[in-house]
Amino acid sequence: MARKAAGRPQEETLSLWKREQALLKTLVVDRDTEAWQRDLAFSGLQRVGGVDVSFVKGDSVSACASLVVLSYPELEVMYEDCRMVSLTAPYVSGFLAFREVPFLVDAVQQLREKEPRLMPQVLFVDGNGVLHHRGFGVACHLGVLTDLPCIGVAKKLLQVDGLENNALHKEKIRLLKGGGDSFPLMGGSGTVLGMALKSHDHSTKPLYVSVGHKMSLEAAVRLTHGCCKFRIPEPVRQADIRSRDYIRRTLGVQGAPALRPERSKKAQRPKACPQGASEEPAEVSCCVINCSVKSTWQRTEPTCPSPCEGAILEVHPPALAVI
DNA sequence: GCGACAG
DNA sequence: ATCTTGTCGC
């Protein structure tokens, strides 16, 4: 049963979301905080993570959230966690995080509790970081809430603060010679918001890299290039492939195209395969912990008839918003 | 009516 | 994000 998309949020909700973004934005660290980030070979970096959310085609509510961890520099998958989720917030440009980030935070929290040794040292996020309407895209949001270094990687240019995908921009793209070449994306205020990166030699379309959290733009661009076997950085690419595959396996061969949420419970088992122990991946329990952030959407729209002001009393890394 | 629009 | 097969090229 394909559920309908939630409509556009009320203006009041968008105001609350903007306030939350403004508050959390003050916690973003846009410089290198780890030793490996300043090393030319990234020595000390062993695990890179990627997250993604894939959707069920006729359904804008059912989706698969995935978190993968790859070894660096080999880029082999060490950990994979896919789970079906029901999205409550609609997609609104500029507010992507309110739709997807609660489930990604949950996935990181699971990993932190069950397999802390596999915690990635940096997370690649499908979407922008500070290259955003209000300087706080999904990569910043996830970074602040998890306290992990994050890199925003978008496939299309978000045209904000004077940035335009115009003829001049396209010409700059055409002038990129080989993989690793990039040019700065300067906002109207004179600030460099991100970089357009040719992720490998034969890629026509660039990647738009921006700082998410706890990492400089220079290191973010260099590491992104270092994680690209193909156009899309391998951590995000694997998260995407595996989440889509998970949906196909879960909803595919059943005959009836109807969604069966009860089946997903059985399938909720992330596999951890440290050091290729055996062919059979170790089972990891996967109970969902309700200690992570409730989305503002869930707090205000369906459940709170009276405006609960979305007051945030306390924020600290990992910055978990508390009502 | 027209352009914009991360995922 | 998703709708969609084969096809052309390295």
Side-chain angles (χ1 to χ4, degrees), chain A residues 2-9 14 17-18 21 25 50-67 82 84-104 123-143 150-167 169 179 185 187 193-197 200-212 220 224 229-233 235-237 239-248 251-252 257 259 295 297:
Chain A
R3 282 169 285 184
K4 290 182 180 177
R8 174 151 185 113
L14 293 182
W17 284 356
K18 286 179 187 173
Q21 289 178 328
K25 177 174 158 50
V51 293
D52 190 43
V53 177
S54 292
F55 299 81
V56 174
K57 59 178 179 181
D59 189 328
S60 55
V61 171
S62 301
C64 176
S66 68
L67 164 64
C82 289
M84 294 304 297
V85 298
S86 294
L87 303 179
T88 55
Y91 169 67
V92 182
S93 179
F95 301 93
L96 173 63
F98 292 93
R99 178 165 167 79
E100 301 187 348
V101 107
F103 306 102
L104 302 178
L123 220 41
F124 284 88
V125 182
D126 206 340
N128 294 293
V130 300
L131 172 42
H132 177 270
H133 306 64
R134 289 163 294 281
F136 192 72
V138 64
C140 299
H141 208 132
L142 185 58
C150 282
I151 300 174
V153 181
K155 296 180 284 294
K156 291 185 294 193
L157 175 65
L158 185 57
Q159 304 187 136
V160 296
D161 196 20
L163 294 176
E164 276 187 296
N165 184 22
N166 53 23
H169 179 78
L185 301 166
L193 300 177
M195 299 276 258
L197 168 71
H200 72 90
D201 290 345
H202 300 291
S203 184
T204 303
K205 297 180 63 176
L207 245 35
Y208 296 98
V209 179
S210 59
V211 169
T224 299
K229 286 176 160 178
F230 304 99
R231 178 183 173 237
I232 305 299
V236 170
R237 180 169 168 271
D240 179 64
I241 289 173
R242 288 158 193 264
S243 60
R244 300 165 85 123
D245 207 48
Y246 186 88
I247 287 176
R248 192 179 58 70
L251 305 177
L259 175 62
S295 78
W297 172 261

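Protein chains get the first letters and strands the later ones, always in sequence-line order, with residue 1 at the start of each.
- Taking the ring centroids of A/Tyr208 and A/His132, they lie at or beyond the 6.0 Å cut-off.
- Atom CG of A/Asp52 is separated from atom P of B/dG7 by 10 Å (rounded to the nearest Å).
- A salt bridge does not link A/Asp52 to A/Arg244: none of the charged side-chain nitrogens sits closer than 4.0 Å to a carboxylate oxygen.
- Between A/Arg99 and the phosphate of C/dA1, there is no side-chain N or O to OP1/OP2 separation shorter than 4.0 Å.
- Rounded to a whole Å, the CZ atom of A/Phe98 is 18 Å from the P atom of B/dG7.
- Taking 4.0 angstrom as the limit, A/Lys155 places a side-chain polar atom (N or O) nearer than this to OP1 or OP2 of C/dA1.
- A/Asn165 places its CG atom 12 Å from the C1' atom of B/dA4, with the value rounded to the nearest Å.
- Counting to the nearest Å, the P atom of C/dG9 and the NE2 atom of A/His202 are 16 Å from each other.
- Going from the P atom of C/dT5 to that of B/dC2 covers 32 Å, rounded to whole Å.
- Between A/Arg248 atom CZ and C/dC3 atom P the separation is 13 Å, expressed in whole Å.
- Across the protein-nucleic acid pair, A/Asp59 atom CG and C/dT2 atom P stand 13 Å apart, rounded to whole Å.
- For B/dC5 and C/dT2, the C1' atoms lie 15 Å apart once the distance is rounded to whole Å.
- If you measure from atom CG of A/Leu104 to atom P of B/dG7, you get 14 Å, rounded to the nearest angstrom.
- In this structure, A/His200 has its ring center no closer than 6.0 Å to that of A/Phe230.
- Nearest heavy-atom pair, A/Ser86 versus A/Phe103, reported as atom, atom and distance to 0.1 Å: O-CZ, 3.4 Å.
- In this structure, A/Asp245 and A/Ile247 have side chains that are not in contact, with every pair of non-hydrogen atoms separated by 4.5 Å or more.
- A/Gly94 comes within 4.0 angstrom of a nucleotide base, judged by non-hydrogen atoms across all strands.
- Annotation: cation-pi pair A/Arg134/A/Phe95 present, NZ/CZ under 6.0 Å from the ring centroid and within 45° of its normal.
- Nearest nucleotide to the side chain of A/Asp126, out of B/dG7, C/dT2, B/dA6: B/dG7.
- B/dC5 atom P lies 11 Å from atom CG of A/Asn128, rounded to whole Å.
- Taking 4.0 angstrom as the limit, A/Tyr91 places none of its side-chain polar atoms (N or O) nearer than this to OP1 or OP2 of B/dC5.
- Closest contact between the side chain of A/Gln159 and the listed nucleotides B/dC5, C/dT2, B/dA6 involves B/dC5.
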Self-check item: Nucleotide-level pairing of DNA chain C, given in dot-bracket where Watson-Crick and G-U pairs need both distances under 3.5 Å and | marks other strands
Solution: ..........
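- When heavy atoms are screened at a 4.0 angstrom cut-off, A/Val138 is found touching base atoms of the nucleic acid.
- Residues A/Val53 and A/Leu104 form a side-chain contact, since some pair of their non-hydrogen atoms from C-beta on lies under 4.5 Å apart.
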